[in-house]
Structures are given as C-alpha cells and as structure tokens.
Amino acid sequence: MCALCGALLTSHWAERGSGRRERFLRARLVNRVLEHFGLELVDWGGRVYVLRDRKGKTAVVDDLGGLCAAAERLAGRPLDPLDPDLVAALRGG
C-alpha cells in the first residue's frame with residue numbers, strides 16, 4: 001500500500017486504539033461465526049483483513065465495518081447471524 005492510501009484510510013470504531021494482538025483476537029472470534037459459512041478471516045500485516053472461502057476466492061476487507069457485505073458476496077448468499085444451526089454450533093451443541 002502506498003503512503004497516500006495509508007494516510008487516507010480511517011479506522012473502524014471497533015478497532016481504534018487497538019494493536020496487532022487485539023486484531024488477531026478479533027479475527028479469531030469472528031472466525032467462529034464465519035466457519036459456519038465456509039469462510040475465514042485473517043489479519044494481514046495489521047492493516048487489512050483477508051477474507052477467503054474454501055475454494056480459494058478472496059476479498060480484502062479494510063475493517064470490520066465492511067466484513068458482512070464482503071462475506072455475503074464471497075458466500076453467494078445472505079448470512080443470517082441468527083441461523084439456528086449457527087447458534088447451536090456456537091453453543092457447542
């Protein structure tokens with residue numbers, strides 16, 4: 001990323017004042033949900049996230065604010081956070 005692009009990017013409110021460890025932990029938590037939909041989120045260099053599916057498709061996500069839209073595009077369907085199977089999986093059942 002060039003210096004100008006880096007200067008123009010703004011951080012999402014959920015990520016302000018956090019470091020690399022917090023980004024890693026956030027991605028790990030989000031992945032518990034995304035796994036249900038066949039997706040994975042990885043922190044890339046502390047600047048952006050890379051979202052990928054099991055077939056190798058990827059999308060770059062600047063912050064958590066753009067995650068849902070990118071995840072739905074990659075999955076090819078709406079992602080329902082209240083899906084009964086997802087809720088059961090998160091409960092461990």
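The analysis underlying the following values was restricted to heavy atoms, covering all of them including side chains, and did not include hydrogens, waters or symmetry mates.
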>> I need the Arg23 CZ to Asp63 CG distance, nearest 0.5 Å.
In response: 8.5 Å
> Tell me, do Arg52 and Leu39 make a side-chain contact under 4.5 Å, heavy atoms counted?
Replying inline: no
>> If you compare all heavy atoms of Arg54 against all heavy atoms of Glu35, which two are closest, and at what distance to 0.1 Å?
In response: NH2-O, 3.1 Å
> Rounded to the nearest 0.5 Å, what separation is found between the CG atom of Leu34 and the CG atom of Leu29?
Replying inline: 10.0 Å
> Would one find more than 12 heavy atoms of other residues, nucleotides or ligands at under 6.0 Å from atom CD of Glu72?
Replying inline: yes
>> Within this structure, what is the OH-CZ distance for the pair Tyr49 and Arg26, rounded to the nearest 0.5 Å?
In response: 4.5 Å
> Rounded to the nearest 0.5 Å, how far does CG of Asp80 lie from NE2 of His36?
Replying inline: 9.0 Å
>> Taking the cut-offs as 6.0 angstrom to the six-membered ring centre and 45 degrees off its axis, would you call Arg77 and Phe37 a cation-pi pair?
In response: no
> Once you round to the nearest 0.5 Å, how far does CG of Leu74 lie from CG of Asp53?
Replying inline: 4.5 Å
> Is the closest side-chain heavy-atom distance between Val48 and Val61 below 4.5 Å?
Replying inline: no
> Roughly how far, to the nearest 0.5 Å, is CG of Leu51 from OG1 of Thr58?
Replying inline: 8.5 Å
> What's the verdict on side chain to side chain contact (heavy atoms under 4.5 Å, CB included) for Val33 and Leu90, showing C-alpha distance, side-chain angles and the deciding distance?
Replying inline: CA-CA 8 Å; Val33 174; Leu90 292 174; 4.1 Å; yes
>> Hydrophobic clusters here meaning ILVMFWY residues chained together by side-chain heavy-atom distances under 4.5 Å, can you tell me if Phe24 and Leu64 are in one?
In response: no
